[in-house]
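Read the numbers this way: they start at 1 and go in the same order the structure lists the ligands and their atoms.
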Amino acid sequence: MTISYHRPTKAVIDLNAIQQNVEQEKRRHDDKEIFAVVKADGYGHGAVPIAKAALAAGAKGFCTATLDEALELRHNGLTQPILILGIIAAADAPLAAAYNLSVPVVEISWLKEAANYLTDTSLMLRIHIKADTGMGRIGFLSTTEINQAVEIIEDKEYFYWEGIFTHFSTADQADVQYFQAQSQCFNDILQALPYKPKYIHTANSATAMWHEDVGNMVRLGVAMYGLNPSGTALEPTYPLQPALSLVSEIAQTKKLPKGYGIGYGKTYETKEEEWIATIPIGYADGYTRDMQGFHVLINGESCEVVGRVCMDQIMVRLPREIVAGTKVTLVGKNGTKEITLQDIAAYKGTNNYEVACLISGRVPREYVGKGRCL
Ligand SMILES: Cc1ncc(COP(=O)(O)O)c(C=O)c1O
């Protein structure tokens, strides 16, 4: 993807906000290690700068979804522990071991297959056993199998049992019943283990924010980016600082006569003589077609997105003539008003995670507030 630097559209990421969010979490749980979750290019914020900022704020390691994401961190000089959260191919076990990456194991057969590839005796693979306690995603279902996995790991010098973990599916909800059932299931698994590995972890942002858990490590994702893990359902237990804003500038302003069609399909027609501005952002940037009818902020005022969102441009209705080059805020503060990623999520009927991840690779990321870390 070519990054479009020669265009005023950009995502501005405040690294001080990232650091404040990490520090808040650290203050709340000073007995746990924070692993900054930087998968999906740091939830669209940029994995490497976020990882470095989190590190400077006290994070001890990182989580990625894929092997390639972990390698990106290593290639950028990050030497701290990295746990890959998704299953990797057994054939890639030597690569993970060579880069000192930790991987989840969710099936006995994977261990046996990986053993065939770990022929270089100088390599050692760090393993976190993943238990499925009710998420219905990856993970062992039975305690017996988990203990069998431990035995196999213990038996081979090229495996190192580093951790055991699970993931809660309802930690961001007010009703705690299912959360408690998952917790109980995980506690039972822990009780049945022959001994405890270095890391025991269950906490994502929501668990860390609203629950007690048995773990000694937090996999801190969305809250690090300053976003409420529950959307709006629960109040955060500490003030979150959103790190990302999305800005552009008016490319052209025109006075259009009454009855003039705007955009593909002519889904909007001027109701009177109207000032219409074109902004250089569209669905190829992650500003999706369902944003028609939402608004942007210009000079502290809300301006409606009129007509269909195009691939590279949107049109907005202005309250009066506002000249080309004027700043447009799609996410963030402008005057006394603010548009949050959550506002967009609510409008689109999704969560703030998805909106952040949608901002495409074409949009440059500009980092501010990097004084303390880079
Ligand atoms: C296994 C696992 N742990 C931790 C996280 C981080 O979650 P959050 O962003 O809600 O903190 C995720 C994210 O989806 C995950 O899949």
Peer 1: Going by distance alone, is a donor N or O of one side chain under 3.5 Å from an acceptor N or O of the other, for T278 and Q313?
Peer 2: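 No donor-acceptor contact under 3.5 Å links the two side chains.
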Peer 1: Give me each pair satisfying side chain to side chain donor-acceptor pair (under 3.5 Å) with a member in residues 182-199, each pair once, sequence neighbours excluded.
Peer 2: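 As it turns out, the side chain to side chain donor-acceptor pair (under 3.5 Å) pairs with a partner in residues 182-199, which skip direct neighbours, are E33-Y199, T133-Q182, E154-Y195, S169-Q182, Q184-D188.
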Peer 1: Tell me yes or no: between the side chains of D213 and T207, is some donor less than 3.5 Å from an acceptor?
Peer 2: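 There is no such pair between these side chains.
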Peer 1: Show every salt bridge (charged side-chain N to carboxylate O under 4.0 Å, His left out) that has at least one partner inside residues 248-268, sequence neighbours left out.
Peer 2: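 Sorted pair list: K255-E273, K266-E269.
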Peer 1: Main chain of A131, side chain of T166: is a donor-acceptor contact present, judged purely on distance under 3.5 Å?
Peer 2: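 Yes; judged by distance alone, with no hydrogens or angles, the pair exists.
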Peer 1: So which protein residues pack against ligand 1 under 4.0 Å, heavy atoms counted?
Peer 2: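 Under the 4.0 Å cut-off, ligand 1 touches V37, K39, Y43, L85, R137, H167, N204, S205, R219, G221, V222, Y353.
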Peer 1: Mind checking what makes side-chain contact (heavy atoms from CB on, under 4.5 Å) contact with I339, not counting sequence neighbours?
Peer 2: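 Partners of I339 under the side-chain contact (heavy atoms from CB on, under 4.5 Å) test: F294, H295, L297, D343, I344.
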